[in-house]
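In this text the structure is predicted, and so the values were computed from the model without any measurement.
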Amino acid sequence: MYLEVDNVMSFKNIIYEKKDNIAIITINRPHVLNALNRDTLLEMLSALTDVEKDPNIRALVITGAGDKAFCAGADVKEFKDKPLVELLEFMELGHKVCTMIENLSKPVIAAVNGYALGGGLELAIACDFIIASTNAKLGQPEINLGIMPGWGATQRLVRLIGLRKAKELILLGEMISAEEALQIGLVNKVVPLERLKDEAFKLAKKLIEKSPIALKFAKHAINAALKTTLPEGLDYERMSFIALYSSEDAQEGIKAFLEKRKPVWKGR
């Protein structure tokens, strides 16, 4: 691994690590291709809450244990023959995890190793960046079970790759390769499996060199583009710029540029 871990929190279904201002969440259920059950989602919520609250963490990497799967989606056992109230609770948990990743004040990188299917792909597309291994297979196969995506794919995929490609993935339910995912703009980069974590951590290292408050404001402004009209989004951007300009980091960044030195960010 690119990082040597110096802090590990104890969970059953995930591994949560911290090192050099970077957090790593590894879905650790390789025996079921890292499928997401209720307990795993609850553990992810706990880890994500800690990432948000920890001022020392500046970026997050999410990946899966082993080399076969990032996440094969929701664990079918969680909704087969379950009462509707339990199904609704499970669906809400998945939504909450994806939404929390999307709205996290810190950049999130999905390191997709192997399969990213159904809820696993929905988890990945909620992240800010996706780096995929050459053996990755991505898709929304829910239609083949007589159901449909339920953790955001019908909305996020349309915005990410356009209406036609989103319909192709969701209505056909077929997997695509990492290279095709790169071509349609679903992932940022494709690398050999043995280099995947190194590439993810290299990107995280670049991100933590930026002002954390500037990253937060910029990420929220970009996300606002998905939820507002263009005039509303432009207004949001202007107000965000003014608010950010008054920060200590903005003043330090401008001063450092003029003095031809590296800025020292305070995150405020």
Side-chain angles (χ1 to χ4, degrees), residues 13-15 23-30 32-36 40-41 44-45 47-48 51 59-75 93-104 106-142 149-162 165-166 168-170 173-191 193 196-197 199-201 203-204 207 219 222-223 226:
N13 298 287
I14 67 171
I15 301 170
I24 309 103
I25 294 176
T26 303
I27 306 168
N28 191 30
R29 304 184 75 219
V32 288
L33 298 179
N34 298 319
L36 299 167
T40 306
L41 291 171
M44 290 190 74
L45 281 177
L48 288 166
V51 170
L60 168 64
V61 174
I62 300 178
T63 193
D67 56 10
K68 292 183 178 179
F70 169 75
C71 174
D75 193 328
L93 270 176
H95 261 289
K96 194 170 182 180
V97 168
C98 291
T99 301
M100 191 167 185
I101 290 170
E102 185 176 58
N103 295 329
L104 206 71
K106 301 157 188 187
V108 185
I109 302 160
V112 173
N113 49 317
Y115 294 111
L117 304 174
L121 182 55
E122 289 172 303
L123 189 74
I125 62 178
C127 299
D128 303 301
F129 301 88
I130 302 177
I131 300 178
S133 59
T134 48
N135 71 322
K137 298 290 184 182
L138 304 92
Q140 298 292 158
E142 292 92 340
W151 289 347
T154 63
Q155 305 305 304
R156 290 190 179 98
L157 275 179
V158 173
R159 291 163 168 82
L160 286 170
I161 61 175
K165 281 297 181 181
E168 190 176 316
L169 278 178
I170 294 168
E174 296 175 349
M175 292 185 292
I176 63 173
S177 67
E179 286 298 335
E180 184 175 350
L182 180 64
Q183 290 170 11
I184 65 175
L186 184 55
V187 307
N188 297 91
K189 191 172 186 179
V190 176
V191 299
L193 178 62
L196 179 64
K197 289 184 178 179
E199 289 294 327
F201 296 137
L203 175 56
L207 288 164
K219 174 176 173 173
I222 293 168
N223 285 347
L226 304 179

Side chains of Asn28 and Thr26: donor-acceptor distance under 3.5 Å anywhere?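 Short answer, no.
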
At what distance, to the nearest 0.5 angstrom, does [atom1] of [X] lie from [atom2] of [Y]?
X      : Y      : atom1 : atom2 : result
Leu36  : Met44  : CG    : CE    : 6.5 Å
Thr40  : Ile25  : OG1   : CD1   : 12.0 Å
Leu123 : Asn34  : CG    : CG    : 10.5 Å
Leu33  : Ile27  : CG    : CD1   : 11.5 Å
Leu138 : Ile176 : CG    : CD1   : 5.5 Å
Ile125 : Cys98  : CD1   : SG    : 7.5 Å

Closest heavy-atom contact between [X] and [Y]?
X      : Y      : result
Ala47  : Ile14  : CB-CD1, 3.9 Å
Ala166 : Ile161 : N-CD1, 3.8 Å
Phe70  : Gly120 : CE2-O, 3.4 Å
Ile130 : Leu186 : CD1-O, 3.5 Å
Ser133 : Leu196 : N-CD1, 3.9 Å
Pro141 : Gly118 : CD-N, 3.4 Å

Does the side chain to side chain contact (heavy atoms under 4.5 Å, CB included) test come out yes or no for Leu169 and Leu157, once each step is laid out? CA-CA 9 Å; Leu169 278 178; Leu157 275 179; 4.2 Å; yes

Would you mind reporting whether [Y] and [X] have side-chain heavy atoms less than 4.5 Å apart?
X      : Y      : value
Phe201 : Ile24  : yes
Lys165 : Glu180 : yes
Lys106 : Leu60  : no
Leu41  : Leu45  : no
Ile62  : Ile109 : no
Leu104 : Val51  : yes
Met100 : Lys96  : no
Leu117 : Gln140 : no

Whether the side chain of [X] engages the backbone of [Y] through a donor-acceptor N/O pair (distance < 3.5 Å, no angle test) should be reported.
X      : Y      : answer
Asn113 : Gly66  : yes
Arg29  : Asn13  : no
Asp128 : Ile101 : no

More than 12 non-hydrogen atoms from neighbouring residues, nucleotides or ligands closer than 6.0 Å to NZ on Lys219, yes or no?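 Above 12, so yes.
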
Could you tell me whether Arg156 and Glu122 make a salt bridge, using a distance below 4.0 angstrom between a side-chain N and a carboxylate O?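 Between Glu122 and Arg156 there is no salt bridge, as every charged N stays at least 4.0 Å from the carboxylate O atoms.
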
For the pair Val108 and Phe129, evaluate side chain to side chain contact (heavy atoms under 4.5 Å, CB included) and give the outcome as yes or no after the intermediate values. CA-CA 7 Å; Val108 185; Phe129 301 88; over 6 Å; no

